[in-house]
Amino acid sequence: MKQFASIPAIIWLVVFGIFMQSCDLQNIYEDNVRIPKDGWHQKEMVKFNVDINDTISECNIYINVRNNSKYKWMELWLFVNTHSPQGLSQRDTLKIMLADDHGKWLGHGLGDKFDTRLLYQQNIRFPVSGTYTFEYEQAMRDELLIGIDDIGLRIEKSKK
């Protein structure tokens, strides 16, 4: 009899897993890169190569940041270089707020890890299919930036 008592729990877990996957149907790409514990060197680029096939749907592009309590600044300045399959390049300078004026972390998290997601570009269409490269370079005054654990890229279909 005890064998049958666990079947509803297993079914519940399977249904829950399917539901959670279906909630993220808008996601086209997401990857996060771990930054070395000794810090993010100013000249080290973090690269994401994204294969884009859909040139019709509008997309939102986000930058993910995970910091810890050792990060000593309120914001993170980034250079973001985007390279298209055609060889066109764009460079943006971004300011990502990680803490308020009182030092309270703005991201979600527990303990000393905080996740922040910045909307970088909204409702854009990729003009051609192919591989796009996104490069991040930390643009802070510190040559070695301590306290950033991960940096990432998320591209999802716009929900409009």
Side-chain angles (χ1 to χ4, degrees), residues 20-21 23-160:
M20 291 306 291
Q21 282 184 326
C23 287
D24 210 15
L25 292 176
Q26 300 299 101
N27 188 18
I28 295 171
Y29 176 88
E30 185 162 15
D31 192 19
N32 295 288
V33 172
R34 191 125 193 74
I35 301 298
K37 286 193 184 261
D38 67 338
W40 187 2
H41 292 275
Q42 212 168 40
K43 299 300 177 195
E44 288 183 10
M45 297 258 194
V46 176
K47 292 185 183 183
F48 302 93
N49 294 313
V50 183
D51 292 324
I52 298 294
N53 299 315
D54 184 351
T55 59
I56 296 170
S57 300
E58 289 185 341
C59 298
N60 295 330
I61 301 175
Y62 297 89
I63 295 176
N64 300 328
V65 178
R66 175 173 284 162
N67 68 289
N68 62 53
S69 58
K70 293 178 185 169
Y71 191 74
K72 64 181 182 178
W73 305 105
M74 289 175 47
E75 71 276 326
L76 170 65
W77 286 90
L78 283 183
F79 296 129
V80 178
N81 302 308
T82 306
H83 307 283
S84 76
Q86 304 160 300
L88 301 174
S89 295
Q90 174 181 326
R91 182 175 176 99
D92 292 314
T93 303
L94 300 178
K95 177 182 178 181
I96 303 171
M97 293 303 299
L98 300 178
D100 65 16
D101 291 338
H102 304 286
K104 182 178 184 277
W105 297 112
L106 300 173
H108 301 287
L110 293 172
D112 80 333
K113 306 281 186 194
F114 303 92
D115 295 320
T116 302
R117 179 172 284 165
L118 172 76
L119 178 59
Y120 167 47
Q121 293 183 348
Q122 186 173 21
N123 300 325
I124 62 120
R125 285 192 179 104
F126 289 96
V128 297
S129 60
T131 301
Y132 288 78
T133 301
F134 295 83
E135 299 172 333
Y136 298 168
E137 182 180 350
Q138 66 100 338
M140 300 294 287
R141 291 184 182 142
D142 294 350
E143 189 173 322
L144 182 64
L145 192 59
I146 305 294
I148 299 296
D149 292 332
D150 300 279
I151 191 88
L153 174 70
R154 177 180 174 92
I155 302 174
E156 64 182 37
K157 288 185 181 178
S158 183
K159 295 174 184 156
K160 29 184 269 198

Taking salt bridge (charged side-chain N to carboxylate O under 4.0 Å, His left out) as the criterion, tell me which of Arg34, Lys113, Lys37 meets it with Asp150.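 Looking at Arg34, Lys113, Lys37, the match for Asp150 under the salt bridge (charged side-chain N to carboxylate O under 4.0 Å, His left out) is Arg34.
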Under the rule for side chain to side chain donor-acceptor pair (under 3.5 Å), what residues qualify as partners of Ser84, not counting sequence neighbours?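 Side chain to side chain donor-acceptor pair (under 3.5 Å) list for Ser84, sorted by chain: empty.
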By side chain to side chain donor-acceptor pair (under 3.5 Å), which residues pair with Gln90, not counting sequence neighbours?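 Checked Gln90 against side chain to side chain donor-acceptor pair (under 3.5 Å); matches are Asp92.
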Among all residues two or more places apart in sequence or in another chain, which pass the ring-ring contact (aromatic ring centres under 6.0 Å, His included) test with Phe114?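 Only Trp105 meet the ring-ring contact (aromatic ring centres under 6.0 Å, His included) criterion with Phe114.
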Neighbour count >12 (heavy atoms, 6.0 Å) for atom [atom1], [X]:
X: Arg141; atom1: CZ; answer: no
X: Leu110; atom1: CG; answer: no
X: Glu44; atom1: CD; answer: yes

Show every donor-acceptor pair shorter than 3.5 Å between a side-chain atom in residues 69-79 and any protein atom, with sequence neighbours excluded, or say none if there are none.
| unit_1 | atom_1 | unit_2 | atom_2 | d |
| --- | --- | --- | --- | --- |
| Ser69 | OG | Asp112 | OD2 | 3.3 |
| Tyr71 | OH | Glu75 | O | 2.7 |
| Trp73 | NE1 | Asp142 | OD2 | 3.1 |

Ser158 side chain to Asn123 side chain, donor-acceptor N/O pair below 3.5 angstrom: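 A donor-acceptor contact under 3.5 Å links the two side chains.
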Can you see which heavy atom on [X] is nearest to which on [Y], and at what distance?
X: Ser129; Y: Pro85; result: O-CG, 3.8 Å
X: Asn64; Y: Arg154; result: ND2-CB, 4.1 Å
X: Trp40; Y: Gln138; result: O-NE2, 3.0 Å

Inter- and intrachain pairs under ring pair (Phe, Tyr, Trp, His ring centres under 6.0 Å), touching residues 132-151, at least two apart: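 Every ring pair (Phe, Tyr, Trp, His ring centres under 6.0 Å) pair that includes a residue of residues 132-151, provided the two are not neighbours, is Phe48-Tyr136, Phe126-Tyr132.
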Mind checking side-chain contact (heavy atoms from CB on, under 4.5 Å) for Arg125 and listing every partner two or more places apart, or none if nothing turns up?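 If we apply the side-chain contact (heavy atoms from CB on, under 4.5 Å) test to Arg125, skipping adjacent residues, the hits are Glu58.
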